[in-house]
2 protein chains.
Amino acid sequence: MAKERVPNVSVDCVVFGFDEEQLKVLLIEQRPMPGVAQIQYAIPGDLVFKRENLDEAAARILLELTSLKGMFLKQFKAFGDVDRVNKQKDKAWLRSFREKPDARVFTVGYFSLVKIDEYDPRAASFAGRAEWRSIKEIPSLAFDHNLILTEALKHLKSDLELKDLAFELLPDKFTLSQLQRVHEVVLEKELDKRNFRKKLKAIKGIHALEEKQKGVDHKPAMLYRFQKE
Amino acid sequence: MAKERVPNVSVDCVVFGFDEEQLKVLLIEQRPMPGVAQIQYAIPGDLVFKRENLDEAAARILLELTSLKGMFLKQFKAFGDVDRVNKQKDKAWLRSFREKPDARVFTVGYFSLVKIDEYDPRAASFAGRAEWRSIKEIPSLAFDHNLILTEALKHLKSDLELKDLAFELLPDKFTLSQLQRVHEVVLEKELDKRNFRKKLKAIKGIHALEEKQKGVDHKPAMLYRFQKE
DNA sequence: TCAAAAGTGTTGCATCTACACCCATGG
DNA sequence: CCATGGGTGTAGATGCAACACTTTTGA
């Protein structure tokens with residue numbers, strides 16, 4: 001596959017993770033030039049290769065960033081406002097990294113759900129430039145990335161209710177409290193423990209293991225696994 | 001606004017209408033050159049202008065096509081497969097109408113809901129080249145437009161259930177049977193009349209008028225109007 | 001008077017919500 | 001033995017599916 005890039009269409013990938021407590025997003029540092037102190041944060045993305053489909057481009061970005069394959073990945077919206085890459089704050093970076101810094105660039109937004117404990121920052125080619133940020137503490141981002149993130153969250157939220165997305169954010173073995181916490185954080189509301197567990201019984205695919213949590217200073221929880229289908 | 005177009009990003013607009021019986025889509029004829037007999041059908045669309053946002057481009061296409069303003073319009077998906085405009089069947093048209101017939105073109109799909117009785121085919125600049133087709137009788141379309149249509153339907157279907165989209169397809173004054181029929185056609189399942197009406201009572205915004213259907217050879221139905229909010 | 005669609009309620013079943021106490025573990 | 005989160009059931013309210021007959025109109 002030729003590595004030549006289309007000049008004006010990119011894919012941005014909002015990577016969500018869950019760390020037992022908060023919903024997090026993977027942001028990358030964006031310096032106007034290597035070595036410069038001034039930093040801005042951005043959602044990872046790249047121009048699409050000339051012989052690459054959109055879904056492939058998104059998977060590639062995710063792989064480069066996380067060294068993870070086969071994670072949940074879904075297109076949610078295209079962004080193409082005339083001035084979306086035309087703000088003062090982004091000029092320096094564009095001049096350093098883009099052949100045509102003034103080109104109008106369209107981007108297709110994807111969101112991905114990864115198991116945060118499988119993520120190894122050292123393995124990625126963005127090494128050292130990526131960091132998890134709680135969605136409650138998002139700084140001002142490059143381009144229209146705050147908007148892209150907001151839209152991604154909106155889609156995640158409405159998808160979570162119906163589909164089995166929550167498991168994509170949890171480790172292979174998880175407790176029911178963790179599962180509940182994911183729902184609470186994403187949906188931004190508290191849930192009743194007993195009612196939540198009752199609903200789970202209706203979902204097939206959740207299997208109790210014969211194994212408990214270890215090393216916690218309270219009653220250890222039963223571990224579960226999710227098997228699709 | 002400059003009418004110059006971006007070379008490789010388009011917007012396609014799947015226009016749905018409802019004619020009392022079936023869900024319809026507006027297709028346009030696509031002749032390789034004016035006057036040529038050989039016809040292919042396509043979903044209306046156009047390359048985006050250089051100084052035009054995506055939503056604006058979609059509204060423009062809809063306006064040119066239907067002379068309607070303010071209709072429901074929603075982005076549902078971007079399409080960018082490498083070979084989506086690279087099939088034999090589409091070559092002739094591309095050579096006639098595109099400056100760079102071999103360019104890879106990305107497209108952003110929108111769907112629109114219009115009141116079919118407000119649509120005046122003569123008023124549109126696509127005059128005489130557009131026609132309503134039942135979604136049950138869709139021919140093989142240009143490019144990847146069969147896929148785009150399928151995806152649009154999928155999104156319409158899932159949106160209809162929760163939101164107030166059905167009213168967008170009906171005339172200003174409508175009967176409850178018409179409303180039910182829209183749901184049945186889009187969701188592809190029959191609904192129980194009494195249960196359907198019970199659910200409607202929960203939705204606010206539906207107001208009975210003091211007016212009945214005229215000129216039908218059966219008991220005339222009460223007319224209703226929908227007022228958002 | 002016939003055909004065709006409009007209009008209207010009840011019941012059983014499934015689902016949702018609200019709510020409080022005992023249990024197992026590590027420190 | 002204390003603090004911490006794990007784990008469990010019931011009752012009342014709400015929502016959903018199934019189901020049949022009478023009414024009004026034009027032809």
Side-chain angles (χ1 to χ4, degrees), chain A residues 18-22 157-158 160-164 166-167 170-171 173-226, chain B residues 18-22 157-158 160-164 166-167 170-171 173-226:
Chain A
F18 173 73
D19 72 342
E20 306 274 307
E21 198 51 46
Q22 284 296 316
K157 207 162 158 175
S158 66
L160 186 76
E161 306 193 61
L162 302 170
K163 301 165 192 164
D164 294 328
F167 306 106
L170 290 172
K173 300 172 181 177
F174 56 86
T175 69
L176 299 185
S177 295
Q178 285 176 308
L179 183 56
Q180 181 177 341
R181 181 78 190 142
V182 171
H183 280 83
E184 289 179 334
V185 172
V186 174
L187 303 180
E188 291 180 285
K189 68 175 172 200
E190 302 217 326
L191 302 171
D192 178 272
K193 187 163 40 157
R194 280 176 287 193
N195 294 337
F196 182 77
R197 287 169 186 228
K198 245 177 292 173
K199 241 176 280 182
L200 291 183
K201 280 178 196 144
I203 300 174
K204 49 200 165 200
I206 303 179
H207 306 288
L209 304 175
E210 290 177 350
E211 191 182 345
K212 291 185 176 181
Q213 251 185 336
K214 273 175 193 152
V216 288
D217 68 343
H218 53 74
K219 177 174 174 180
M222 184 70 68
L223 290 171
Y224 290 77
R225 195 193 298 272
F226 178 68
Chain B
F18 173 72
D19 73 343
E20 304 276 307
E21 198 51 47
Q22 284 295 315
K157 207 164 160 173
S158 66
L160 186 75
E161 306 192 62
L162 302 171
K163 302 166 193 168
D164 295 328
F167 306 104
L170 290 173
K173 300 172 180 180
F174 55 87
T175 70
L176 299 185
S177 294
Q178 285 176 308
L179 184 56
Q180 182 176 342
R181 179 77 189 143
V182 171
H183 279 83
E184 288 179 332
V185 173
V186 174
L187 303 179
E188 291 180 286
K189 69 176 174 201
E190 302 215 328
L191 301 171
D192 179 271
K193 189 163 39 157
R194 281 176 287 193
N195 293 338
F196 183 75
R197 287 169 186 230
K198 243 177 293 172
K199 242 176 280 183
L200 290 183
K201 280 179 197 145
I203 300 175
K204 49 200 163 197
I206 304 179
H207 306 288
L209 304 176
E210 290 176 353
E211 190 181 347
K212 291 186 176 182
Q213 250 185 336
K214 275 177 192 152
V216 289
D217 67 342
H218 54 73
K219 174 172 175 179
M222 184 70 68
L223 289 171
Y224 291 78
R225 195 194 297 273
F226 178 69

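Every chain is numbered from 1 and lettered A, B, ... according to where its sequence line falls, protein lines coming before strand lines. In this text, all values refer to a predicted model and were calculated from it rather than measured experimentally.
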- Message: Rounding to an integer number of Å, can you tell me how far B/D192 CG sits from C/dA5 P?
- Response: 17 Å
- DNA chain C: 5'-proximal contact among A/K199 and A/P220 (nearest heavy atom): A/K199
- Message: Determine whether a donor-acceptor pair (one donor, one acceptor, N or O, separation below 3.5 Å) exists between the side chain of A/K212 and the base of C/dT25.
- Response: no
- Message: Looking at B/K173 and B/E211, is any side-chain nitrogen of the basic one under 4.0 Å from a carboxylate oxygen of the acidic one?
- Response: yes
- Message: Test: salt bridge (charged side-chain N to carboxylate O under 4.0 Å, His left out). Region: residues 189-208 of chain A. Which pairs qualify, not counting sequence neighbours?
- Response: none
- Message: Given the structure, check if the side chain of B/K214 and the base of D/dT25 hold any donor-acceptor pair shorter than 3.5 Å.
- Response: no
- Compute the centroid of each ring, for B/H183 and then for B/F196, and state whether the two points are separated by less than 6.0 Å. yes
- Give a yes or no on whether a salt bridge exists between A/E21 and A/R181, defined as a side-chain N under 4.0 angstrom from a carboxylate O. yes
- Query: What integer distance in Å separates B/L223:CG from C/dA5:P?
  - Reply: 17 Å
- Could you state the atom-to-atom distance from CG of A/L200 to P of D/dG6 in whole Å? 14 Å
- Message: Reading DNA chain C from 5' onward, which residue's closest nucleotide shows up sooner: B/A221 or A/N195?
- Response: B/A221
- Classify the side chain of A/K198 and the base of C/dT17 as holding, or not holding, a donor-acceptor pair under 3.5 Å. yes
- Task: Could you check how far CD of A/E21 sits from C1' of D/dG5, rounded to whole Å?
- Result: 13 Å
- Task: Specify the separation, in whole Å, of atom CZ of B/F196 and atom C1' of D/dG15.
- Result: 17 Å
- Quick one: which of D/dG7, C/dA6, D/dG5 gets closest to the side chain of A/H218? D/dG5
- Query: If you look at every strand shown and take non-hydrogen atoms under 4.0 Å, does B/S177 touch a base, only sugar-phosphate, or nothing?
  - Reply: sugar-phosphate
- Check: A/R194 side chain, C/dA20 base, donor-acceptor under 3.5 Å: yes
- Answer yes or no: side-chain N or O of A/K193 and base N or O of D/dG7 forming a donor-acceptor pair under 3.5 Å. yes
- Query: Are B/F226 and B/F174 close enough that their ring centers fall under 6.0 Å?
  - Reply: no
- Take atom CE of B/M222 and atom P of D/dT23, then tell me their distance rounded to the nearest Å. 17 Å
- Task: Please state how far atom NZ in A/K219 lies from atom C1' in D/dT8, giving the value in whole angstrom units.
- Result: 9 Å
- Item | Nucleotide C/dA3, atom P - distance to CG of B/D217 in whole Å | 12 Å
